[in-house]
Amino acid sequence: MNPNSRKTKQRDAVSAVLERAERPLSVGEVLEAASKQIEGLGVATVYRAVNALLEDGWIEAVEIPGEAVRYERSDKGHHHHFQCDKCERVFDIAGCVDSIRKLVPPKFRVKDHAVTFYGTCATCTG
Ligand SMILES: [Zn+2]
Ligand SMILES: [Zn+2]
């Protein structure tokens with residue numbers, strides 16, 4: 001197999017993992033999932049593939065303070081996140097609340113907001 005097609009296969013495996021993901025994944029989680037399809041996949045390769053997808057605008061970074069950056073598809077629309085303090089996974093929370101904008105003082109212009117819930121996920125709650 002020529003080196004280029006191997007590279008393409010690795011990138012495809014990384015995009016497939018992020019395509020199927022129902023929650024934001026860290027590079028470590030992408031590596032773990034993609035390794036099931038491709039042998040000998042390295043973390044540097046996953047970083048390169050993730051950066052290429054970021055540049056394409058196909059994925060975006062989910063940054064939670066004090067946490068490894070996670071990535072999700074850009075086409076998900078506005079939503080929020082929930083981090084489980086037991087398994088440390090981050091989940092998507094669909095939708096938003098209108099009243100959140102009412103917290104902002106008059107004449108302040110809001111461009112965006114991010115909300116992270118912290119607690120225990122259903123699996124960890126048992
Ligand atoms: Zn959990
Ligand atoms: Zn919102």
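Numbering starts at 1 and runs along the sequence shown. Start at 1 and go down the list; that is how both ligands and their atoms are numbered.
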Aromatic rings F117 and F82: how do their planes relate, parallel, tilted or perpendicular, breaks at 30° and 60°?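 Answer is parallel, since the angle falls under 30°.
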What orientation do H80 and H113 show, parallel under 30°, tilted 30 to 60°, or perpendicular over 60°?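 Plane angle under 30°, so parallel.
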Short N/O/S contact of H78 with the Zn ion (ligand 2) (below 2.8 Å):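 Yes - counting backbone and side chain alike, H78 has an N, O or S atom under 2.8 Å.
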From the Zn ion (ligand 1), how many protein N/O/S atoms are found at a distance short of 2.8 Å?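 There are 4 of them.
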Tell me whether the count of non-hydrogen atoms from other residues, nucleotides or ligands lying under 6.0 Å of OH in Y118 goes above 12.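 More than 12 within 6.0 Å, yes.
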Does CD in E32 sit with more than 12 non-hydrogen atoms of other residues, nucleotides or ligands closer than 6.0 Å?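 Not buried by this count: 12 neighbours or fewer within 6.0 Å.
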Do E67 and Q83 get their side chains close enough for a donor-acceptor pair, meaning under 3.5 Å?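 Yes, because at least one side-chain N or O of E67 sits under 3.5 Å from a partner of the opposite role on Q83.
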Derivation of the salt bridge (charged side-chain N to carboxylate O under 4.0 Å, His left out) call for R70 and E60: CA-CA 8 Å; R70 289 167 171 84; E60 52 191 51; over 6 Å; no
